[in-house]
Amino acid sequence: MRYSKFFLPTHREVPSEAEIISHQLMLRAGLIRKLTSGIYNYLPAGLRSIRKVEKIVREEMNRAGAIELLMPAVQPAELWQESGRWEYYGRELLRFKDRHNHDACLGPTHEEVITDLVRKEIHSYKQLPINLYQIQTKFRDEIRPRFGMMRCREFIMKDAYSFDADEKGAEKSYELMYEAYNNIFRRCGLEFRAVEADTGSIGGSFSHEFMVLAKTGEDQIINCSKCDYAANLEKAEVKWEPSEPDTSGDDKMEPIEKVETPNIKTVEEVTAFLSISPEQLVKTLIFRSNGDVIAALVRGDHEINEIKLKNLLGTEQVELADSELVTEITGAPMGFAGPSGLKLKIVADHAVKEMKNFVTGGNKQDLHLRNVNMERDFQVDLFGDLRTITPSDACPRCGNGISFGRGIEVGHIFKLGTKYSETMDALFLDQQGAEKPIIMGCYGIGVGRTVAAAIEQNHDDEGIIFPIPIAPFEVVILPLQMHETEVLEAAEKIYEELSEEGLDVLIDDRDMRAGIKFKDADLIGTPIRVTLGTRNLKTGQVEMKIRAESESLLIPLQDASRVIKEKVKELYDSIK
RNA sequence: CGGGGCGUGGCGCAGCCUGGUAGCGCUCCUGCUUUGGGAGCAGGAAGUCGGAGGUUCAAAUCCUCUCGCCCCGACCA
């Protein structure tokens with residue numbers, strides 16, 4: 001490609017709308033332009049990068065036995081009503097009416113459409129297993145789009161759906177996708193990690209997220225220092241074992257004691273006021289859960305995990321109560337809630353089970369209680385893992401230490417089970433002639449987000465440092481003196497030779513000063529830069545520089561194409 | 001939806017408090033000089049100051065409403 005004939009508008013200045021580095025660089029390097037909030041144009045260079053990710057995705061999906069198809073963006077409301085998600089998906093689902101006043105939506109995902117297709121066409125175990133995928137534009141009307149390509153409303157997604165006759169087959173399909181995803185992100189040149197995750201609104205029983213490791217990631221992830229356990233913070237299990245029964249006799253229940261705590265509300269304030277440690281206090285949190293109100297108890301030094309709470313309760317939604325509701329339920333302003341005397345369902349974290357003679361709120365303004373004990377002073381309806389893991393916790397699998405990090409979710413795979421096939425009657429006849437629901441899995445990759453994550457992970461002060469497999473161009477050639485025929489001809493020759501080899505080459509044939517060409521080449525992040533100038537051509541040499549390295553080297557002009565080609569191969573090999 | 005911030009040539013911003021000729025840097029165009037890390041000089045183009053209403057002799061500036069965008073939170077792949 002000739003820069004002069006291409007459409008690659010770069011900016012020197014950082015657009016004020018962009019906060020994170022990948023967003024800034026994608027705008028500056030001319031990869032994307034915003035149309036409106038959360039909706040972007042992919043400019044030609046950005047599209048090239050997108051297409052390269054798609055190509056890797058296709059190759060690995062096909063290799064795993066999946067089959068590509070393409071489903072519509074526009075979907076009828078009936079299917080969503082049938083699955084129940086017309087209500088449940090909420091305002092993120094962009095709805096509209098067509099001219100006949102029929103409700104429709106723009107697909108944020110395609111479980112309904114694919115399940116409908118499969119139930120109509122697949123009726124026998126002989127047609128299973130099958131895994132169908134597409135690369136298609138999705139629309140999710142995000143409450144708050146942000147960070148450029150990271151959280152858009154309209155975005156390109158690869159989504160795959162597997163259909164199996166039995167649980168064992170479904171597990172196999174899941175593992176195939178797990179492997180394929182590892183291959184895809186490795187081949188994109190990314191540093192990533194598969195972590196256990198919550199299933200969210202897609203539903204299902206089990207899932208992994210593929211996280212590109214980056215400081216600016218929206219998700220917190222934890223991983224074990226010894227074994228291969230890794231999980232999203234919101235999912236990470238807390239290791240809990242009942243401790244040995246205390247036989248020392250120190251566990252005697254003391255009489256309950258009221259303490260005046262004027263305007264002392266937070267855990268910090270209460271523990272300081274009473275000279276106790278947070279481990280001696282139980283936090284009582286009031287939640288709204290599908291119309292019910294419940295109380296959740298965690299130890300003072302622990303944080304409630306709403307997702308775990310939601311899963312323990314088996315409800316679709318939990319919401320921390322507002323001050324009005326707290327006052328109504330406990331009879332006291334926020335900060336003085338306690339479990340004793342509450343006429344509510346009470347759930348508690350495992351750690352609370354071990355506690356004796358602890359402090360809670362007194363359900364009265366400016367009152368706390370000392371020496372509160374379970375059973376005697378209140379009953380817990382349900383115990384469970386309710387708290388967020390902390391750095392001092394042990395790995396839930398092997399018991400060794402864990403570490404915290406941040407990641408960008410670029411892929412997510414789910415074991416769906418029969419959630420959709422049962423509600424939508426996607427059934428098949430097994431070998432015995434018995435009718436059964438098909439067992440499903442679904443598997444997504446954010447294509448644009450993968451490009452953004454790659455930039456987030458690979459950049460410096462000058463701009464992007466693209467991993468070569470997803471770079472818009474593999475090689476950029478800079479003829480510095482456009483009026484020197486010697487320079488121009490040498491550059492053209494290398495350009496033609498490399499292009500004929502099938503490499504993606506950009507030649508910066510603009511009549512611009514050298515500095516501008518260097519700056520743009522660095523900004524765009526092309527892995528290999530070849531500079532031709534009168535200075536080095538005098539001695540028959542051209543300069544080759546790897547974007548990711550600081551040193552450049554001189555190579556003889558006559559060997560240039562061969563050496564560059566070898567370097568391209570070397571860069572690819574370093575990734576595989 | 002709650003909190004905060006911002007809308008002024010393509011981009012980045014000043015001007016607003018205290019109303020009175022719409023400015024700066026970059027970009028863009030022309031010419032000359034320059035030419036290995038975002039050149040210099042000279043000339044030039046480009047803005048209904050987000051929109052609507054109001055106050056006023058006079059509004060980018062003050063008031064009211066409204067639309068859009070960004071950030072934090074809630075929420076969510």
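Letters go in sequence order (proteins before strands), and every chain restarts at 1.
To the nearest angstrom, C1' of B/C75 lies 14 Å from CZ of A/Arg140. We find that CG of A/Leu320 is positioned 18 Å from P of B/G2, with the value rounded to whole Å. For the pair A/Phe147 CZ and B/C75 P, the interatomic distance rounds to 16 Å; values are reported in whole Å. Separating the CD atom of A/Glu92 from the P atom of B/C1 is a distance of 16 Å, rounded to the nearest angstrom. Taking atom CZ of residue A/Arg144 and atom C1' of nucleotide B/G68, one finds them 16 Å apart after rounding to whole Å. Rounded to whole Å, the distance from CG on A/Leu478 to C1' on B/G38 is 13 Å. When rounded to the nearest whole Å, the span between NZ of A/Lys34 and P of B/G68 equals 12 Å. Rounding to whole angstrom units, CZ of residue A/Arg449 and P of B/C76 are separated by 15 Å.
If you take atom P in B/U8 and the same atom in B/C1, they sit 24 Å apart, rounded to whole Å. Comparing B/C49 with B/U21, their C1' atoms are spaced 15 Å from each other, to the whole Å. For the P atom pair drawn from B/G9 and B/A14, the interatomic distance equals 13 Å after rounding to whole Å. Annotation: B/A52 and B/C57 have their P atoms spaced 22 Å apart (nearest Å). For the P atoms, the distance linking B/C16 with B/C26 amounts to 23 Å, nearest Å. Between B/G53 and B/G12, the two P atoms lie 28 Å apart (nearest whole Å). Taking atom P in both B/U34 and B/G51, one finds a spacing of 47 Å when rounded to whole Å. When the C1' atom is used for both B/C41 and B/U35, the distance is 16 Å, rounded to whole Å.
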Annotated protein contacts, base or backbone, on nucleotides 8-15 of chain B with a non-hydrogen cut-off under 4.0 Å, one of B, S, - each: ---BSS--

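Across all strands shown, B/G19 has no partner, as no Watson-Crick or G-U wobble contact with both distances under 3.5 Å is found. The partner of B/C49 is absent, by the rule that a Watson-Crick or G-U pair needs both atom distances under 3.5 Å. Nucleotide B/C11: paired with B/G25 (Watson-Crick or G-U wobble, both distances less than 3.5 Å). Pair check for B/A58 finds none; no Watson-Crick or G-U wobble contact set falls under 3.5 Å. For B/C32, the paired base is B/G40 (Watson-Crick or G-U wobble, both distances below 3.5 Å). Remark: B/G68 base-pairs with B/C6; criterion is Watson-Crick or G-U wobble with both hydrogen-bond distances under 3.5 Å. In this structure B/G73 sits in a base pair with B/C1, meeting the Watson-Crick or G-U test at under 3.5 Å.
The aromatic rings of A/His208 and A/Tyr178 sit perpendicular to each other, their planes meeting at more than 60°, with 30° as the lower class boundary. Between A/Phe185 and A/Tyr181, the angle of the ring planes goes over 60°, which puts this pair in the perpendicular group of the 30/60° scheme.
Looking at residues two or more places apart in sequence or on another chain, you find a salt bridge (Lys or Arg N to Asp or Glu O under 4.0 Å) between A/Lys34 and A/Glu17. The salt bridge (Lys or Arg N to Asp or Glu O under 4.0 Å) check on A/Arg449 picks up nothing, with sequence neighbours excluded. Remark: A/Asp460 engages A/Arg547 in a side-chain hydrogen bond (donor to acceptor under 3.5 Å, both in side chains) (not counting sequence neighbours). The side chain to side chain contact (heavy atoms under 4.5 Å, CB included) search around A/Thr327 returns none, not counting sequence neighbours. By the salt bridge (Lys or Arg N to Asp or Glu O under 4.0 Å) test, A/Glu409 pairs with no residue at all, sequence neighbours left out. With sequence neighbours excluded, the residues satisfying side chain to side chain contact (heavy atoms under 4.5 Å, CB included) with A/Pro72 are A/Val113.
Looking at which nucleotide of RNA chain B each of A/Arg510 and A/Glu306 is closest to, the 5′-most match is held by A/Arg510. Mapping A/Met150 and A/Ser37 onto RNA chain B by nearest heavy atom places A/Ser37 at the nucleotide closer to the 5' end.
With no hydrogens or angles considered, no side-chain donor-acceptor pair links A/Thr388 and A/Glu303 at under 3.5 Å. Counting only N and O atoms by type, the side chains of A/Tyr161 and A/Asp159 include a donor and acceptor under 3.5 Å apart. Side-chain polar atoms of A/Asp198 and A/Asn311 form a donor-acceptor pair below 3.5 angstrom.
For B/C76, the base has a donor-acceptor partner in the side chain of A/Arg151 [N/O atoms by modelled type, under 3.5 angstrom].
Contact check on A/Glu218 versus A/Arg151 returns a salt bridge, with a Lys/Arg side-chain nitrogen under 4.0 Å from an Asp/Glu carboxylate oxygen.
Residue A/Lys517 is classed as having no contact, given no heavy-atom separation below 4.0 Å to the nucleic acid. Using a 4.0 Å heavy-atom cutoff across all strands shown, A/Phe210 reaches no nucleic acid atom at all. No engagement by A/Arg153 is indicated, since no non-hydrogen atom pair under 4.0 Å with the nucleic acid exists.
Counting only residues at least two apart or on different chains, the side chain to side chain donor-acceptor pair (under 3.5 Å) pairs with a member in residues 474-488 of chain A are A/Glu474-A/Tyr572, A/His483-A/Asp511. For residues 534-545 of chain A, the set of pairs meeting the salt bridge (Lys or Arg N to Asp or Glu O under 4.0 Å) definition, not counting sequence neighbours, comprises A/Arg529-A/Glu543.
For A/Arg153 (side chain) and A/Ser37 (main-chain N/O), a donor-acceptor pair under 3.5 Å exists by modelled atom type.
The shortest distance between the side-chain N/O atoms of A/Arg12 and the OP1/OP2 oxygens of B/U27 is below 4.0 Å. Distances shown here put every side-chain N or O of A/Arg146 at or beyond 4.0 Å from the OP1 or OP2 atom of B/C70.
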So which protein nitrogen or oxygen atoms get under 3.5 Å of nucleotides 5-7 of chain B's nitrogens or oxygens?
none

Between protein and nucleotides 34-37 of chain B, what N or O pairs are separated by less than 3.5 Å?
| residue | atom | partner | partner atom | Å |
| --- | --- | --- | --- | --- |
| B/U34 | O2 | A/Arg513 | NH1 | 2.9 |
| B/G36 | O2' | A/Arg535 | NH1 | 3.2 |
| B/G36 | O6 | A/Gly533 | N | 3.3 |
| B/G36 | O6 | A/Asn536 | ND2 | 3.1 |
| B/G36 | N1 | A/Asn536 | ND2 | 3.2 |
| B/G36 | N2 | A/Glu543 | OE1 | 2.3 |
| B/G37 | O6 | A/Arg529 | NH1 | 3.0 |
| B/G37 | O6 | A/Arg529 | NH2 | 2.7 |
| B/G37 | N1 | A/Asp522 | OD2 | 3.0 |
| B/G37 | N1 | A/Arg529 | NH1 | 3.4 |
| B/G37 | N2 | A/Asp522 | OD2 | 2.5 |

Contact list (N/O, under 3.5 angstrom) for nucleotides 45-49 of chain B vs protein:
none

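The shortest side-chain heavy-atom distance between A/Ile494 and A/Ile564 falls under the 4.5 Å cut-off.
The cationic atom of A/Arg95 (NZ for Lys, CZ for Arg) lies less than 6.0 Å from the six-membered ring centre of A/Trp86 and within 45° of the ring axis.
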